[in-house]
Amino acid sequence: MTLNLLSPDHGDWNRRRLVIRAGIARWRPDLVALQETVKDAGYDQVPDVLGPAYHVVHHSRRSRDGVGATFASRWPIDTVHEVDLRVTDRVDLPWSAAVVGEIEAPPPIGPLLFVHHKPTWQIGYAHERELQAVACARFVENKVAGRHVHVVLAGDFDDTPDSASIRFWTGKQSLHGTSVAYRDTWAAMHPEDPGHTFTPTNPLERAGEMSLELGRRIDYVMIRCGVHGPTLEVVNCQLAFDEPVNGVWASDHFGVVAELAAPRHPPGAWATSSTSEREPSSEHPP
């Protein structure tokens with residue numbers, strides 16, 4: 001799951017908090033990327049909304065008001081890396097970074113990297129978001145070189161599917177001499193649905209600083225592809241917190257929840273008779 005929580009000094013946090021806590025308890029995501037999280041001397045928002053079942057990693061830098069970004073995992077996190085994405089002088093968001101957790105997920109998933117990517121947000125800063133995407137992608141490629149490891153990429157990317165940075169992530173164009181490919185889980189399941197996550201249908205968005213917003217999809221969960229395609233199968237992908245609960249909207253963003261599974265027939269090899277004839281598993285994947 002990825003979700004921009006909207007800093008608690010906006011909206012009615014006491015009511016929004018209850019909606020978010022209940023929603024996350026219902027979804028029970030194994031991996032979560034959260035943006036606009038607050039951590040200061042008196043309050044750590046993430047354990048409050050997630051509960052005790054998660055290992056939590058905060059981005060190392062925060063704004064003066066304690067706002068930053070965080071990811072969490074139900075599975076133990078072995079090693080954490082952070083890529084500073086303040087790539088030009090225009091990037092004034094202190095917590096603009098890619099934070100990468102090396103995680104040993106249980107079988108049949110196995111080892112994976114969970115990458116929480118947070119570029120800068122401003123309209124007209126496409127150049128910075130392109131540089132940030134390339135910096136993050138290059139770091140990940142160096143980490144996975146020669147390894148059999150899945151990569152799940154998530155976050156509030158602040159760019160639409162037709163932008164250069166997202167086209168780069170999804171393998172539709174190269175940038176700065178680099179190319180990668182990640183499967184966009186929403187597009188995989190809903191190719192004809194724009195899936196806006198930041199939209200004026202949400203009154204919290206209309207009340208915010210971007211009051212003339214027309215609607216965009218800027219929040220993503222993606223899976224890194226090898227030369228034969230993604231290493232995990234997208235079983236399902238849905239928006240989360242896209243409707244009010246008793247009149248309360250959780251955030252000015254909708255979340256994205258993707259259900260992933262190890263493929264019965266791994267890309268890169270021909271199916272054997274046993275894999276091609278196997279019935280789909282009824283078990284819920286991690």
Side-chain angles (χ1 to χ4, degrees), residues 1-4 27 29-35 69 71 85 98-101 109 112-121 126 129-141 144 149-176 178-199 214-242 253-263 266-268 285-286:
M1 171 186 279
T2 185
L3 175 66
N4 186 314
W27 285 106
D30 294 308
L31 299 166
V32 192
L34 298 172
Q35 305 84 43
F71 82 79
L85 296 182
V99 178
V100 181
I109 299 295
L112 63 84
L113 299 185
F114 187 57
V115 183
H116 186 191
H117 181 64
K118 185 63 197 88
T120 197
W121 60 270
R129 285 187 287 274
E130 292 169 20
L131 294 175
Q132 291 166 330
V134 170
C136 178
R138 284 176 174 166
F139 180 86
V140 171
E141 292 306 299
V144 303
V149 58
H150 307 295
V151 179
V152 178
L153 172 72
D156 171 6
F157 287 37
D158 279 299
D159 252 342
T160 55
D162 61 347
S163 67
S165 71
I166 302 303
R167 286 174 56 81
F168 167 78
W169 280 120
T170 54
K172 296 179 176 67
Q173 74 170 75
S174 62
L175 284 175
H176 304 285
T178 300
S179 63
V180 294
Y182 284 68
R183 176 153 292 177
D184 176 350
T185 58
W186 178 265
M189 301 303 296
H190 310 279
E192 303 302 322
D193 187 336
H196 291 168
T197 59
F198 193 63
T199 166
L214 299 176
R216 294 177 284 157
R217 182 159 71 90
I218 58 177
D219 302 87
Y220 300 86
V221 177
M222 300 187 189
I223 308 160
R224 180 181 176 272
C225 298
V227 294
H228 295 97
T231 62
L232 293 171
E233 179 181 359
V234 184
V235 177
N236 194 11
C237 187
Q238 299 181 50
L239 295 179
F241 305 107
D242 56 334
H253 285 240
F254 300 154
V256 180
V257 180
E259 186 178 356
L260 311 178

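We number each residue from 1, following the sequence as shown.
Between Gln35 and the options His116, Lys118, His253, a side chain to side chain donor-acceptor pair (under 3.5 Å) holds for only His116. No option in Asp156, Asp219, Thr2, Asp242 other than Asp219 meets the side chain to side chain donor-acceptor pair (under 3.5 Å) test with Thr197.
Arg183 pairs by the salt bridge (charged side-chain N to carboxylate O under 4.0 Å, His left out) definition with nothing, not counting sequence neighbours. Residues forming a salt bridge (charged side-chain N to carboxylate O under 4.0 Å, His left out) with Arg167 (at least two apart in sequence, or on another chain): none.
Note that CD of Glu130 and CD of Gln173 are 7.0 Å apart. Values are rounded to the nearest 0.5 Å. For the atom pair Ser179 OG and Phe168 CZ, the distance stands at 7.5 Å (nearest 0.5 Å).
Nearest approach of Asp158 to Arg129, heavy atoms of both residues: O-NE, 3.4 Å. Taking all atoms of both residues into account, the shortest heavy-atom contact from Leu239 to Gly195 is CD2-O, 4.1 Å. For the pair Val257 and Ala240, the tightest heavy-atom approach, listed with the atom from each and the gap, is CG2-CB, 3.7 Å. The minimum heavy-atom distance between Thr231 and His150, with the atom names listed, is OG1-ND1, 2.8 Å. Nearest heavy atom pair, residue Ala261 against residue Val235, reads CB-CG2, 3.6 Å. Closest approach of His196 to Phe254, counting heavy atoms only: O-CD1, 3.4 Å.
Note on ring orientation: taking the six-membered ring where Trp is involved, the planes of Phe71 and Phe114 are perpendicular (angle over 60°, cut-offs 30° and 60°).
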For Leu31 and Leu112, run side chain to side chain contact (heavy atoms under 4.5 Å, CB included): C-alpha distance rounded to whole Å, both residues' side-chain angles, the deciding distance at 0.1 Å, then the answer.
-> CA-CA 11 Å; Leu31 299 166; Leu112 63 84; 4.1 Å; yes

Passes side chain to side chain contact (heavy atoms under 4.5 Å, CB included), Arg224 versus Val180? Steps please.
-> CA-CA 8 Å; Arg224 180 181 176 272; Val180 294; over 6 Å; no

Passes side chain to side chain contact (heavy atoms under 4.5 Å, CB included), Phe241 versus Met1? Steps please.
-> CA-CA 11 Å; Phe241 305 107; Met1 171 186 279; 4.2 Å; yes

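Looking only at side-chain heavy atoms (C-beta outward), Leu153 and His117 come within less than 4.5 Å of each other.
Using modelled atom types, one side-chain atom of Arg217 and one backbone atom of Pro194 make a donor-acceptor pair closer than 3.5 Å. A donor-acceptor distance shorter than 3.5 angstrom exists from the side chain of Tyr220 to the backbone of Asp159, with no hydrogens or angles considered. Side chain of His190 to backbone of Cys237: a donor-acceptor contact under 3.5 angstrom is found. Of the possible donor and acceptor atoms, one in the side chain of Trp186 sits under 3.5 Å from a partner among the backbone N and O of Asp193. In this structure a side-chain-to-backbone donor-acceptor pair under 3.5 Å is present from Thr185 to Val221.
Side-chain atoms of Arg138 and Thr178 include a donor-acceptor pair closer than 3.5 Å.
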